[in-house]
2 protein chains.
Amino acid sequence: MPELRELIRRKRHGGALDAAELRWLVDEAVAGRVPDYQLAAWLMACCFTHLNATETLALTAAFVGSGEQLVWNNVTRPLVDKHSTGGVGDKVSLALAPWLAAAGLALPKMSGRGLGHTGGTLDKLAAIPGFRTDLDQPAMQRLLDSVGCCIAAQSPTLVPADKLFYALRDATETVDELGLIVASIMSKKLACGAQHIVLDVKCGSGAFFPNPPAAQAFAAMAARIGREAGRNVACVIAPMEQPLGRAVGNALEVQEAAGLLSGGQDSPELRAACLELGVAALELVHGATADHGTLLLDLLESGAAWESFQRWVAAQGGDWAAFEHGAASAAAHYRQVTVTATSAGRLERLDALTVGLLACDLGAGRRNKEDVIDPWVGVECLAKVGDSVEPGQELARLTVMPQEPRTDEQLAAAYLAAAGFAV
Amino acid sequence: MPELRELIRRKRHGGALDAAELRWLVDEAVAGRVPDYQLAAWLMACCFTHLNATETLALTAAFVGSGEQLVWNNVTRPLVDKHSTGGVGDKVSLALAPWLAAAGLALPKMSGRGLGHTGGTLDKLAAIPGFRTDLDQPAMQRLLDSVGCCIAAQSPTLVPADKLFYALRDATETVDELGLIVASIMSKKLACGAQHIVLDVKCGSGAFFPNPPAAQAFAAMAARIGREAGRNVACVIAPMEQPLGRAVGNALEVQEAAGLLSGGQDSPELRAACLELGVAALELVHGATADHGTLLLDLLESGAAWESFQRWVAAQGGDWAAFEHGAASAAAHYRQVTVTATSAGRLERLDALTVGLLACDLGAGRRNKEDVIDPWVGVECLAKVGDSVEPGQELARLTVMPQEPRTDEQLAAAYLAAAGFAV
């Protein structure tokens, strides 16, 4: 094998590493034999000279090979993995996993915690008292058998290389190189073992990808890598200029997902997002053999999706009654701040990043890895882009910790910084 | 102060750091508070987006400020520092320092050890039994008073930041960014305290700079940084396509320098290189007030330069008689390999890098920091570029360790790989 320095030099000068070299680099790094500073220099060089498709495929394979790979021998339903690149108010997984389970698919999903303005699915589920996500494969298998879906914490035995590389990328401002992103995401999907992979690629203000070309480039590369690894991949590219749906905040998002499935409170945007991704998943599995959208709406209207949600929450240990009690208690005991319109107009902009950071600052997310999340705080966006508003109309409701030092006016101003109106 | 990550991000995206930020980065790094991997990422980003002149000046100042700075209060002669960027067979300092001391200048020089194909001045001096280079400032001062020159090992108390940055640059393939090179070299010159600085900038096959534009860019930036720090700077750009002069190897180079000064064996190329740099130094100090070249030649012919050399060697503890005895003994006991011409022709090429690496492999240099040098081995280039040679004529003489495993033919072939002939 060549020297590490030769690999850095080659990448710095725009050359490519072959599969054996990338596998060696990853294996040596995981074994602790690559100094952090050399890996950091290599990562920064990659940001300037980029990884080509062959390198990205090889790096992904090396990542997969760095740890355990799940094999699902005893699941008879088609196995589907759904992954979102993350956005503000993105609670799609909470509704879609049990919904698609009701449609006969099996969804063995692993998720992460949130950092910064995008929430993590695990943090949202943690709002449900008793909900357990530390599941090993037998536990996941039992949930697939009994419910058809599960959402587990990312296992440290899967793709340990990604954990190591990601921590270094995060510390060295080298996160946003396409090949590194694809290898990080796709290696976890491949190691998780589902035959069908649906990628929800968000782009815009509150998303990982700033614009459609960046999202398309990711989608194309991720799909190629997945297919070359023998999987079926579908990508949905979705704008994220404003938060997805109404709620931004952990319990509030769980409530929104549950409201959609139970019929208690519709969320048209969330419903549309779930339908688009759900249809993509069903077409991936079954082909365009039926009107999958109608099938999904039938499952919603019949209550089957809601029943699946409740079975799933209970099967992962969640106490739904306790959650509803807690949510009612928070509504009573937490400060509620109402943001109202001062004049008539049409909402033209509701910046997802600004709303996401506000929710994060209220305690719904982590600025730093050590921060503790309050499940009950958050933001409800009552007017969305395109809505006409009247003076005095409620634009948003903020649920705020009692000890929050800012005044109602300051908090309203922080929310209104995200909004733009046309008369 | 901003976060480290912000400094990396800014450099990655082509922004500039201000003087306070660079000083903070350097001070924090020296204090051990900058993780290696973040500094490595920053260095790699600098290689792609470069440091501008303002940043280079600020980084140089921050480097100088990271350690002790020598102040020469009691030296009445003009203080001159001469620095070469390094080349194959570059023994100029050995001859020029005592020669210029004889011309009334004071040369407080610090040097380093060699690595790879270019030899270090300290390694050459180590061939002289007893020669000491671990000198503190009082010892240097005494040498300037008594002899007018000294060559000391780089003090660890001067520019500790450079040692740290250089080790990381070396390990991460980020050595060749102009701003980092200039800061590294000029900070040591500035900290060493001489008012006048002469830079010998080599370019070509055996040199640090591959071509004249790279050498000129360095010279321009280094001169600018030196002048902005209030010093007088002269730069001489010299090609290094073939080795400088005859000898490549530690004792052999000392012999060549001594032969020039003593008149025992002229070395026209070494003489020309010393004269060019010596005149540059004298013009820097005195202006073009006299024919400095003739003055220097007078000092050579009168024996004053040779006398200065002997005084200097003795003052630093060197035993010249022991050196001459050792050289004679090596000539008798080491294997001598003669490389001869097989046909008539004109030598058109004698690749400095190839000769330098051959000498290094013979034991004259270090491939790795831990390698031990044999002072007596090396190469003497008896024909230089432009020389016409006859069949059977000696092209080179190799002095080889007795245990060298290669045959004479193999060693001759290794040397001839450096040479190109025209019929």
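So you know, we letter chains A, B, ... as the sequences are listed, proteins then strands, and number each from 1.
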key: Residues in residues 171-179 of chain A near chain B [non-hydrogen atoms, under 4.5 Å]   = A:A171, A:T172, A:E173, A:T174, A:D176
request  = Could you tell me whether the side chain of A:R5 and the main chain of B:D170 form a donor-acceptor pair under 3.5 Å?
outcome  = yes
inquiry  = Strictly less than 4.5 Å between heavy atoms, which residues of residues 26-43 of chain B line up against chain A? Please order them by number.
reply    = B:D36, B:Y37, B:Q38, B:A40, B:A41
